[in-house]
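Read through the structure below, which is laid out as structure tokens, and then see the notes.
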Amino acid sequence: MRQIAISMLSADFLHLEKDVRFVNAEADIFHLDIMDGVFVPNISYGFPVVEAIASISEKPLDAHLMIVSPEKYVERFAGAGVGMLSFHLNATEDPASVADLIHRHGMKAGIAINPDIPVESLYPYLDCCEYMLIMSVFAGFGGQKFIENTYSRVSALKSEITRRGLSCLIEVDGGVSGKNASALAEAGADILVSGSAVLKAPDPSEAIRLMR
Ligand code: DX5
Ligand code: ZN
């Protein structure tokens, strides 16, 4: 059963509580995009917003770190109430030890890659992470167009996970909507992240229904 994660980057920050209650009621996971203006050319939000969401969330918090030196902030995200923490493969020299640190803080670990990084580069880490985050746009901004070769990347990764009998999940992030959700799930995606297609839709509940 596919899970729907909502990227809060597209939330109405003047009425954040409304969007948090919507996700509590209709989606499965809060996806929190953390950008530092260094790893990606944009800055999003930080701990005050994460903690505010955590204070009323009834669903798991999945923080997607688009920052350099992710290991420096693992403890803070655990303390802020995050249960799933992903970092980019090329943001660290030693992905396995960052995943280990995330586990030692009681969180699930994920590794993210941008569309120009071969999925094979994730293979050494499939047995030390609970999920892999396949970007279907280049990390940095919400509202971008879905990149079509994501399907073949997801199915290649899924085949490798199945071949090795592993339980690592696949999360897909960027430009996801009711238009591509079924094909992504068929290719092997377990968690679909959607921001603008849901939260900026005229009828967000209907947008989620289409994705399911
Ligand atoms: C991009 C982020 C995504 C993105 C999703 O850097 O990681 O989570 O905001 O938003 P949409 O669904 O609008 O592409
Ligand atoms: Zn994201």
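Indexing begins at 1, ligand by ligand and atom by atom, following the structure's order. Everything numeric in this text was worked out from a predicted model, so none of it was measured.
Within His64, the N/O/S atom positioned nearest the Zn ion (ligand 2) carries the name ND1. When you scan the N, O or S atoms of Asp33 for the one nearest the Zn ion (ligand 2), you land on OD1. Within Asp173, OD2 is the N, O or S atom that lies nearest to the Zn ion (ligand 2).
Leu32 and Met107 fall within a single hydrophobic cluster, where Ile, Leu, Val, Met, Phe, Trp and Tyr side chains are chained together by heavy-atom contacts under 4.5 Å.
To the nearest 0.5 angstrom, Ile29 atom CD1 is 11.5 Å from Ser57 atom OG. The CG atom of Asp173 lies 6.0 Å from the OG atom of Ser136; values are rounded to the nearest 0.5 Å. Atom OG of Ser69 is separated from atom CZ of Phe87 by 12.5 Å, given to the nearest 0.5 angstrom. One finds the CE atom of Met66 at 9.5 Å from the CG atom of Asn114 (value rounded to the nearest 0.5 Å). To the nearest 0.5 Å, atoms CG (Leu101) and CD (Glu71) are separated by 8.0 Å. Expressed to the nearest 0.5 Å, how far CG of Leu184 lies from OG of Ser155 amounts to 10.5 Å.
Taking every non-hydrogen atom of His64 and a distance limit under 4.0 Å, the qualifying atoms of ligand 1 come out as 7 (O). Proximity to Gly140 (heavy-atom distance under 4.0 Å) selects the following atoms of ligand 1: 1 (C), 6 (O). Every atom of ligand 1 with a heavy atom of Leu9 under 4.0 Å away is listed here by number and element: 9 (O). In the vicinity of His31, heavy-atom distances shorter than 4.0 Å reach the ligand 1 atoms 8 (O). Atoms of ligand 1 found under 4.0 Å from any heavy atom of Gly175 (numbered from 1 in listed order, with element): 11 (P), 12 (O), 14 (O). Interface of Gly174 with ligand 1, defined as ligand atoms under 4.0 Å from a residue heavy atom, comprises 14 (O). Near Ser194, with a cut-off below 4.0 Å to any heavy atom, the atoms of ligand 1 are 12 (O). Listed by atom number, the atoms of ligand 1 under 4.0 Å from Ser196 heavy atoms are 11 (P), 12 (O), 13 (O).
For Gln144, no nitrogen or oxygen atom sits less than 3.5 Å from a nitrogen or oxygen atom of ligand 1, counting backbone and side chain alike. Residue Ser10 has no N or O atom closer than 3.5 Å to an N or O atom of ligand 1.
Residues His64 and Asp62 have side chains that never bring a donor and an acceptor to within less than 3.5 angstrom of each other. With hydrogens and angles left out, the side-chain atoms of Asp33 and Ser7 include a donor and acceptor closer than 3.5 Å.
Between Ser44 and Leu9, some side-chain heavy-atom pair lies under the 4.5 Å cut-off. Counting heavy atoms from C-beta outward, Ile6 and Val193 have side chains that stay 4.5 Å or more apart.
Ranking the protein heavy atoms by distance from atom 8 (O) of ligand 1 puts Asp173 OD1, 2.6 Å first. Closest protein heavy atom to atom 1 (C) of ligand 1: Phe141 O, 3.5 Å.
Ranked by closest heavy atom to atom 10 (O) of ligand 1, the top entry among Ala5, Gly195, Ala197 is Gly195. Looking at Asp33, Val40, Leu32 and measuring to atom 7 (O) of ligand 1, the nearest heavy atom belongs to Asp33.
Only the side chain of Ser7 comes within 4.0 Å of ligand 1, counting heavy atoms alone; its backbone N, CA, C and O stay farther away.
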Inset, instruction - Could you walk me through whether His15 and Asp12 pass side chain to side chain donor-acceptor pair (under 3.5 Å), step by step? - result: CA-CA 5 Å; His15 304 94; Asp12 176 355; 2.9 Å; yes
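Residue Met35 places a heavy atom under 4.0 Å from ligand 1.
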